[in-house]
Amino acid sequence: MNNLNEPKEIVPKLSENYLSGPIGNKLVEIIEEHPLTKFIDELMAKSFIKHAKDGMFPILLKNNVNFNVDGIYEMEYSLLQDICTKMDEIGADNLVFTFVEVDQDNEFLEMNTVGNGNILYAVASLVKGNKIVENEYNYLVINVKKGLTLDNLNITYADKKKLRDSYIKYSHKILKDYFSINGKNTQFIYYHIDDIKKTLVDENGRCDTFKVYLCEISDVEKVISEYDSSLTIRPEVYREHFQFRERQMTLVFNSEDRYYDMGGLRP
């Protein structure tokens, strides 16, 4: 049972770009409109996935950090739809994934891990602006067992904090030694409700389950120029989301032949 008297979580302040609205699918928005735009999301996503397999994952394995095989997690379309409905109900405009460690044998989850012990995971919280709407809106939504509802998957702020503390004490130390921006690797990823709604519309009738890739940002300029030097990178998108972030941990969603990265990384 949630305690409404629990202290509200302090969330890092968002940049003006994130506060002002959706950011779109960065894997597509990174280049100016071009006939090859429809292929660029797959190109970028696969470069992020390969970068993690060649770089981040061997480091995590060497240091006994547990995660799903090949960094592939899952999230049901219907559950994302339920989250969006709940966000509308409570006036939340951002969905925040907070990186944590959970017990791989958690009764609500189905995992396929590379090792034993706690597993790298992300808890979803519903946020209004840059503050938690109410501390009870925290959910396990990735790799959940079939038939569970948001009510089943709700966790308290205290439980979320305990899971996050576990991540900060060990896995995050390994990850920030591998890559650091402002002395940290990724701790939170923000998704605007309008971006979520657009994805749900785009995938309606096409997708039952999203694959969620734990991966890392590649050398975006190099990947694009080697693919086709005639493509023009949008400088504002590059500066905001990719510059100085090569090797930073991120999440990419995949449905059949489409890839999505709409998240604002923090830090």
>> How long is the straight-line distance from CG of Leu126 back to NZ of Lys86, given to the nearest 0.5 Å?
In response: 8.0 Å

> Got a sec, which residues hit side-chain hydrogen bond (donor to acceptor under 3.5 Å, both in side chains) with Asp194, two or more places apart in sequence or on another chain?
Replying inline: none

>> Tell me every residue that passes side-chain hydrogen bond (donor to acceptor under 3.5 Å, both in side chains) with Gln248, counting only those two or more places apart in sequence or in another chain.
In response: Thr186, Arg245

>> Measuring only between side-chain heavy atoms, which start at C-beta, is Leu80 closer than 4.5 Å to Val141?
In response: no

>> Using the side chain to side chain contact (heavy atoms under 4.5 Å, CB included) definition, which of the options Ile142, Asn118, Leu163 pairs with Val102?
In response: Leu163

> Of all heavy-atom pairs between Tyr259 and Asp41, which one has the smallest distance, and what is that distance?
Replying inline: N-OD2, 2.9 Å

> So do Ile119 and Tyr73 actually touch side chain to side chain, heavy atoms under 4.5 Å?
Replying inline: yes

> How many angstroms lie between atom OG1 of Thr232 and atom CD1 of Ile224, to the nearest 0.5 angstrom?
Replying inline: 10.0 Å

> Roughly how far apart are Ile40 CD1 and Leu27 CG, rounded to 0.5 Å?
Replying inline: 9.0 Å

>> More than 12 heavy atoms of other residues, nucleotides or ligands under 6.0 Å from CD of Glu256: yes or no?
In response: no

>> Within the structure provided, determine whether Leu251 and Phe99 are in side-chain contact (heavy-atom separation under 4.5 Å).
In response: yes

> Out of curiosity, Met56 CE to Tyr178 OH, how far, rounded to the nearest 0.5 Å?
Replying inline: 7.5 Å

>> Under 4.0 Å between a side-chain nitrogen and a carboxylate oxygen: does that hold for Lys173 and Asp177?
In response: no

> Any side-chain hydrogen bond (donor to acceptor under 3.5 Å, both in side chains) pairs touching residues 139-153, not counting sequence neighbours?
Replying inline: Thr149-Asn152

> Can you name the closest pair of heavy atoms from Ser218 and Ser47 and give their distance?
Replying inline: OG-OG, 2.8 Å

> Ala45 and Val252: which non-hydrogen atoms are nearest, and at how many Å?
Replying inline: CB-CG1, 3.9 Å

> Does a side-chain heavy-atom distance below 4.5 Å link Lys160 with Thr98?
Replying inline: yes

>> Tell me the closest heavy-atom pair linking Ser255 and Cys207, and the distance in Å.
In response: OG-CB, 3.1 Å

>> Ignoring hydrogens, what is the shortest heavy-atom contact between Val28 and Arg234? Give both atom names and the distance.
In response: O-NH1, 4.3 Å

> With sequence neighbours excluded, what pairs up with Asp70 under the salt bridge (Lys or Arg N to Asp or Glu O under 4.0 Å) test?
Replying inline: none

> Mind checking whether Arg266 and Ile181 have side chains closer than 4.5 Å, heavy atoms only?
Replying inline: no

> Do His172 and Asn185 touch side chain to side chain, with heavy atoms closer than 4.5 Å?
Replying inline: yes

I'd like a table of donor-acceptor pairs (distance under 3.5 Å, sequence neighbours excluded) in which one partner is a side-chain atom from residues 107-116, with atom names and distances.
from, atom 1, to, atom 2, distance (Å)
Thr113, OG1, Gln104, OE1, 2.9
Thr113, OG1, Gly115, O, 2.8

> Excluding sequence neighbours, so at least two apart, what forms salt bridge (Lys or Arg N to Asp or Glu O under 4.0 Å) with Glu221?
Replying inline: none

>> Would the distance check show the side chain of Ser180 and the main-chain N or O of Lys184 forming a donor-acceptor pair, the cut-off being under 3.5 Å?
In response: yes

>> Under the rule for side-chain hydrogen bond (donor to acceptor under 3.5 Å, both in side chains), what residues qualify as partners of Asp103, not counting sequence neighbours?
In response: none

> Quick one: CZ on Arg164 to CG on Asn138, what's the gap to the nearest 0.5 Å?
Replying inline: 12.0 Å

>> Restricting to salt bridge (Lys or Arg N to Asp or Glu O under 4.0 Å), what partner residues turn up for Lys50, sequence neighbours left out?
In response: Asp54

> Quick one: side-chain hydrogen bond (donor to acceptor under 3.5 Å, both in side chains) partners of Thr250, sequence neighbours excluded?
Replying inline: none

> Of the non-hydrogen atoms in Asn66 and Gly117, which two are nearest, and what is the gap between them?
Replying inline: ND2-O, 3.2 Å

>> Suppose the criterion is salt bridge (charged side-chain N to carboxylate O under 4.0 Å, His left out): which pairs have a residue in residues 204-213, not counting sequence neighbours?
In response: Glu203-Arg206, Arg206-Asp257

> Does a side chain donor of either Ser166 or Glu101 reach within less than 3.5 Å of an acceptor in the other side chain?
Replying inline: yes

> Are the side chain of His192 and the backbone of Ile23 linked by a donor-acceptor contact shorter than 3.5 Å?
Replying inline: no

> Does any non-hydrogen side-chain atom of Leu175 lie less than 4.5 Å from one of Ile59?
Replying inline: no

> Testing Tyr167, Tyr191, Phe188 for ring pair (Phe, Tyr, Trp, His ring centres under 6.0 Å) with Phe97, which one passes?
Replying inline: Tyr191

> Among all residues two or more places apart in sequence or in another chain, which pass the salt bridge (Lys or Arg N to Asp or Glu O under 4.0 Å) test with Lys162?
Replying inline: none

> Which residue pairs pass the ring-ring contact (aromatic ring centres under 6.0 Å, His included) test with at least one member in residues 199-221, sequence neighbours excluded?
Replying inline: none

> Does the side chain of Phe57 reach to within under 4.5 Å of the side chain of Phe67, using non-hydrogen atoms?
Replying inline: yes

